[in-house]
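Each chain gets a letter, A, B and so on, in the order its sequence line appears, and its residues count up from 1. Values below: all heavy atoms of this structure, side chains included; hydrogens, waters and symmetry mates excluded.
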There are 2 protein chains.
Amino acid sequence: MDVRALETLRTVRSQGGVAAAAAVLHLTPSAVSQQLASLSREAGVALTERVGRGLRLTAAGDALADAAVDVAVAVERARAACSVFLDRPEGTVRVSAFQSGARLLLPPLLTRVATLGGITVECSDEDVALDDFPALTDRVDVVVAHRPDGAQWPASGLRVVLLLREPLDVAVPRDHPLAGRDRISAGDLDDEDWIAVREGFPVATVLGAVAAASGTAPRIVHRINDFSIAEALVAAGHGVSLLPRFTGGGHPGVRLVPLAGVRAGRTVDALMRPDTAERLVVRRVLDALVAVAAEASNAER
Amino acid sequence: MDVRALETLRTVRSQGGVAAAAAVLHLTPSAVSQQLASLSREAGVALTERVGRGLRLTAAGDALADAAVDVAVAVERARAACSVFLDRPEGTVRVSAFQSGARLLLPPLLTRVATLGGITVECSDEDVALDDFPALTDRVDVVVAHRPDGAQWPASGLRVVLLLREPLDVAVPRDHPLAGRDRISAGDLDDEDWIAVREGFPVATVLGAVAAASGTAPRIVHRINDFSIAEALVAAGHGVSLLPRFTGGGHPGVRLVPLAGVRAGRTVDALMRPDTAERLVVRRVLDALVAVAAEASNAER
DNA sequence: ATCGAGGATGTAGCGTTGCTTCATGGACGT
DNA sequence: ACGTCCATGAAGCAACGCTACATCCTCGAT
């Protein structure tokens, strides 16, 4: 039972195929396939089965992949047990975040981690569909992800740490009739043009929930994922939008007005594989990230 | 962090040296040494330190060895997760027992396991000093061991399953003045010659506890570890002894009389490494062993 | 239907890893 | 002071695992 092969099995499951797993593991598809074959030989049962031109794990493969998570966690705990005796935790941690989260959290995270010394943080911005966030944890140590109110991450083999909850406000142009209001109710927005995010992406469902409260379907004229672009469009009078309260860059031409009646918001979490979550340096960075998120949501309201 | 190397580290600790560990692992001392060196390089700290002509684990090494137990357990759990999907558990399990325990438990164990089919049990008899029982678990899957009342096995990385508790009775010759009694108190035995077990071996301390109750030091004339030999000596009138109630072969020339006042007894347990305890076949054998032990202690009183 | 693309899996060859053998250097007991 | 025991290095060899290449299969396109 090679630990590397178990790792590979997990990756094949999370990435959904041999080729994708091979890319993540920096291997050729052939190597991955051979590892699976060897593992299956050792286990005495088939771990994968062909489906179409891809493959999927059998029940046995799924069970073994679950067990493989515990193996990886135990190995990382062993590593951490040694790191304790090192004078100071060293290493590099890869952190990714979606755009608005990145702008809010990454700068203060980097300065805070810098004070610890010895830990290098490599950042990247990754904006993917809601369902694709978990798979990022194979490539990146800490994934800052967001989800609309009500949605939950799949529990299987994923460590989730809540960073902050952020209300979604209605963004209207500065000169809009509603701009002076303290609160806006869903019914006030029936005649507006909407700038929404792409389908399948986080908070896409929230607009639907708001519209449901007023009973009319929203008129979506643009689909923009980057909130700062959406903000610019709103300022230019091309529609209204739902934008997160803390992240809104404070564009001078835009006013954010809270929604009345509907509870609209998103949650920002840190996602990690259970084994990477055990790494000492990762835990240090995560602690810093939690602190930074707390400051951010306190400071801005 | 190679799993094999972690395994090696554990063995070096439990066996107390590179050479002994190498023997258990079927390797050369050089290979063991190289694995330790590679592990230490990877961990970044020294795991062992020379002491005299041997070596001992450092604090970091000890911590890593502890973590290695969890790794081994996780790996075996993974194996077991696959075995569940196999039609029927197969494999061989090595069981060892001290003499009297072996005679009592091994025959019914073998017949019981035979009914399961597919599992081979390899038996051996190992009589060692009390402190040496745990180290046997590196060589043998299930170690049937015994300990005097009050003694405990070291908790570190050892799974203990209680099999039975057995009172120790006073064995006297058939024609001895005390042979007719229902109970014997400690004071009645002040003038007897004793046949004890070797120092450091299980139940050696019990005789001391009995003597303490009467206030006089026991006159030990022979030290015999094998209870059936001790029994023969008692029958021939060479002294009295403390013998386990269930295991006593029922030698016609010997009477076992319970002790009054003092609680004298020994406990028989199954000892396993935590990782081997996870193996499915081992668990089957262990279940059988527990059942056999229950029958034995019920049947014989 | 035919063809091409994408995906998984075998085969040959090569590099790396990890073992054994042999030799060296301390530490203890006689 | 010598021999023994134990751990550790260096050299050589075998085995394992990866890459590269080829094959088979499935699906979507023309």
**Request:** Using a 4.0 Å heavy-atom cut-off, write out nucleotides 2-13 of chain C from 5' to 3' as B (base contacted by protein), S (sugar-phosphate only) or - (no contact).
**Result:** ---BSSSBBB--
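- For the residue pair B/Ser14 / B/Asp138, a side-chain donor-acceptor distance below 3.5 Å is found, with atom types taken as modelled.
- No side-chain donor from either of B/Gln34 and B/Ser38 sits under 3.5 Å from a side-chain acceptor of the other.
- Ion pairing between A/Arg159 and A/Glu278 holds under the 4.0 Å rule for side-chain N and carboxylate O.
- A perpendicular orientation is assigned to the rings of A/His146 and A/Phe227, their planes being inclined by more than 60° (bins at 30° and 60°).
- Remark on DNA chain D: of its neighbouring residues A/Val51 and A/Asp2, the 5'-side contact belongs to A/Asp2, judged by nearest-heavy-atom nucleotide.
- If you take CZ of B/Arg4 and C1' of C/dT17, they are 12 Å apart, rounded to a whole angstrom.
- Under the 3.5 Å distance criterion, with hydrogens and angles disregarded, no donor-acceptor pair is assigned to the side chains of A/Glu49 and A/Thr58.
- Mapping heavy-atom proximity under 4.0 Å, the span of DNA chain D touched by chain A runs 5' to 3' from D/dC18 to D/dC27.
- Heavy atoms of other residues, nucleotides or ligands lying less than 6.0 angstrom from CZ of A/Arg219 number more than 12.
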Show every donor-acceptor pair shorter than 3.5 Å between a side-chain atom in residues 62-72 of chain B and any protein atom, with sequence neighbours excluded, or say none if there are none.
unit_1  : atom_1 : unit_2  : atom_2 : d
B/Asp62 : OD1    : B/Arg13 : NH1    : 2.9
B/Asp66 : OD1    : B/Arg13 : NH1    : 3.1
B/Asp66 : OD1    : B/Arg13 : NH2    : 3.2

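- A side-chain donor from one of A/Ser100 and A/Arg266 sits under 3.5 Å from a side-chain acceptor of the other.
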